[in-house]
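As the structure is a prediction and not an experimental result, all values here were calculated from the model. Order of appearance sets the numbers: ligands from 1, and atoms from 1 within every ligand.
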Amino acid sequence: MTDLLPIALAAVAVLAAAAAFTIAWRRSNDPDWRANVQAKAAAADTPSEVPVTITAAAADGEEDAGSVAVLVDEEETPEEEPPAPVEYRAATEEEMGMTRRSFLNRALASMFGLFLAGFGMASLAFLWPKVKGGFGSDIDAGDADEILAQVLNPDGTVNPMFLPEARAYIVPMLEDSVSGSQFEGNATVDASLVALFQTCVHLGCRVPWCAPSQGFECPCHGSKYNSVGEYIAGPAPRNLDRFVVGVNDRNRFIISTGSIIATSRAIRKSVRYPQGPSCI
Ligand code: FES
């Protein structure tokens with residue numbers, strides 16, 4: 001529902017742009033639109049005449065409950081001039097054609113309408129992937145067995161797979177590492193694979209992988225995490241965040257990028273770090 005809200009707002013913006021464009025276009029086609037609007041407003045403001053009954057009794061100073069008595073001093077009351085009739089005439093040939101002003105008005109209205117329509121389309125295009133499989137949705141990373149073979153070298157070292165659309169590193173976490181760790185049973189490990197959110201939990205830098213040390217090391221302020229994202233050192237307040245993952249009936253590794261799991265600093269580390277020199 002929250003994903004659809006920005007799209008609805010963008011659609012409203014496009015409709016508003018279309019309405020503004022239509023109004024501007026109609027006004028550019030009607031050079032007298034302002035005079036017409038003023039004439040209608042003046043007609044609406046003119047009070048209608050109220051019939052007044054003047055009786056002979058009232059004129060003589062007697063009361064008559066059934067009528068309203070008004071004494072009219074014909075010398076003091078000025079006669080109202082009847083409104084001058086509005087003259088209409090046929091437009092000339094020149095007026096029927098496109099004047100420079102109307103051309104400029106139409107050009108400006110067209111450019112404004114095109115700009116707003118383009119902005120609305122760009123907004124929709126930007127937001128659409130959230131609904132149709134981009135970050136925020138479930139992302140199919142590929143066959144689980146093939147991914148594990150890619151990220152776990154035969155000598156036991158790790159080679160993370162980065163998935164840009166999921167903003168995630170996929171790393172191995174074998175069963176004996178999961179057992180007894182804080183990740184046991186929290187749906188962030190399946191088929192011995194984990195999907196770590198790329199963002200440093202300190203101030204949001206993207207954390208690169210350091211192959212020599214076999215860990216993630218943030219160049220911004222020096223936070224360090226081991227290969228399964230457990231906090232090791234630096235100002236980061238917790239482990240790297242993880243996504244909920246799962247393997248479906250076709251053995252596809254699915255990353256739910258709409259479900260981010262935050263965990264506190266690991267006390268018991270599941271894997272060893274560092275295994276070589278640091279990168280920062
Ligand atoms: S943003 Fe990574 S340590 Fe500060």
Side-chain angles (χ1 to χ4, degrees), residues 2-3 6 126-127 129-130 133-142 147-148 150-153 155-174 177-178 180-246 253-280:
T2 49
D3 284 341
F126 176 74
L127 295 169
K130 286 196 166 191
F135 187 76
S137 68
D138 289 356
I139 292 178
D140 183 344
I147 295 174
L148 185 59
Q150 181 179 332
V151 300
L152 183 61
N153 297 322
D155 63 359
T157 57
V158 173
N159 179 37
M161 171 180 161
F162 182 65
L163 210 61
E165 62 267 39
R167 303 177 197 174
Y169 291 101
I170 302 176
V171 292
M173 189 168 186
L174 302 179
S177 299
V178 179
S181 77
Q182 63 192 129
F183 308 112
E184 193 172 9
N186 71 354
T188 62
V189 190
D190 202 352
S192 298
L193 292 172
V194 176
L196 301 175
F197 192 18
Q198 67 174 6
T199 303
C200 180
V201 295
H202 178 224
L203 290 178
C205 293
R206 185 186 159 198
V207 190
W209 170 250
C210 175
S213 67
Q214 288 285 288
F216 294 93
E217 300 178 354
C218 182
C220 294
H221 311 99
S223 289
K224 295 179 179 177
Y225 314 84
N226 65 17
S227 66
V228 294
E230 291 169 332
Y231 169 84
I232 300 293
R238 61 181 189 272
N239 299 325
L240 281 178
D241 292 340
R242 302 167 154 222
F243 296 108
V244 168
V245 297
F253 185 65
I254 307 298
I255 304 174
S256 299
T257 55
S259 300
I260 298 176
I261 305 294
T263 53
S264 57
R265 287 179 174 181
I267 297 172
R268 170 187 171 276
K269 314 300 184 213
S270 305
V271 296
R272 190 164 54 90
Y273 173 91
Q275 299 180 28
S278 174
C279 297
I280 57 175

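Between Phe216 and Tyr169, the ring-plane angle classifies as tilted under the 30° and 60° cut-offs.
In this structure, CD on Glu217 lies 10.5 Å from OG on Ser223, to the nearest 0.5 angstrom. Atoms CD1 and CE, on Ile170 and Met161 in that order, are 4.5 Å from each other to the nearest 0.5 Å.
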* **Residue pair Ser270, Glu230: steps toward the side chain to side chain donor-acceptor pair (under 3.5 Å) verdict** => CA-CA 8 Å; Ser270 305; Glu230 291 169 332; 2.6 Å; yes
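For Ser192, there are no side-chain hydrogen bond (donor to acceptor under 3.5 Å, both in side chains) partners, not counting sequence neighbours.
Distances under 2.8 Å from atom 4 (Fe) of ligand 1 pick out the protein N/O/S atoms His202 ND1, His221 ND1.
For a disulfide, the SG atoms of both cysteines must be under 2.5 angstrom apart; this holds for Cys279 and Cys210.
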